[in-house]
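In what follows, a structure is listed as structure tokens, so that the remarks can point back to it.
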Amino acid sequence: MIVCVCRRVSDREIARHVRAGMTFDEVQFELGVATQCGQCESCARDVVAQCSASHPTAALSRESEPSSIQLASAITESRAWNSSRHSASA
């Protein structure tokens with residue numbers, strides 16, 4: 001569906017950018033969403049929030065000498081994560 005009529009931006013296009021790791025501000029800058037009339041801003045923010053929640057990303061941490069990966073809490077708290085940790089240790 002078209003979210004931003006002024007810039008003709010669809011929810012799929014917004015979702016693709018969010019899955020690539022962009023925030024709302026970055027999507028707004030890249031696609032021009034909610035930069036003209038502003039009527040689409042709440043819908044665009046909803047799409048970004050839904051995609052961010054359904055596709056959490058892993059962030060690399062370089063604070064310690066051996067590189068480690070810190071996963072988003074949504075990943076580590078999910079049932080799939082907990083069940084895969086138990087089956088890997090067995």
Just wondering, do Glu26 and His17 contact through their side chains at under 4.5 Å, heavy atoms? no
Is the side chain of Gln28 donor-acceptor paired with the backbone N or O of Ala34 at a distance under 3.5 Å, no angle test? yes
Quick one, Arg7 and Leu31 - any side-chain contact, counting heavy atoms below 4.5 Å? no
CD of Gln39 to SG of Cys6: how many Å apart, nearest 0.5 Å? 8.5 Å
How far does SG of Cys43 sit from CD1 of Ile14, to the nearest 0.5 angstrom? 7.0 Å
Only one of Val33, Val27, Val3 forms a side-chain contact (heavy atoms from CB on, under 4.5 Å) with Val9, so which one is it? Val33
Between CD of Glu30 and OG1 of Thr23, what distance do you get to the nearest 0.5 Å? 11.0 Å
All side chain to side chain donor-acceptor pair (under 3.5 Å) counterparts of Glu41, not counting sequence neighbours: Arg45
What's the spacing between Met1 CE and Ser10 OG if we round to 0.5 Å? 9.5 Å
Taking the hydrophobic residues Ile, Leu, Val, Met, Phe, Trp and Tyr, and joining any pair whose side-chain heavy atoms are under 4.5 Å apart, which ones share a cluster with Val5? Ile2
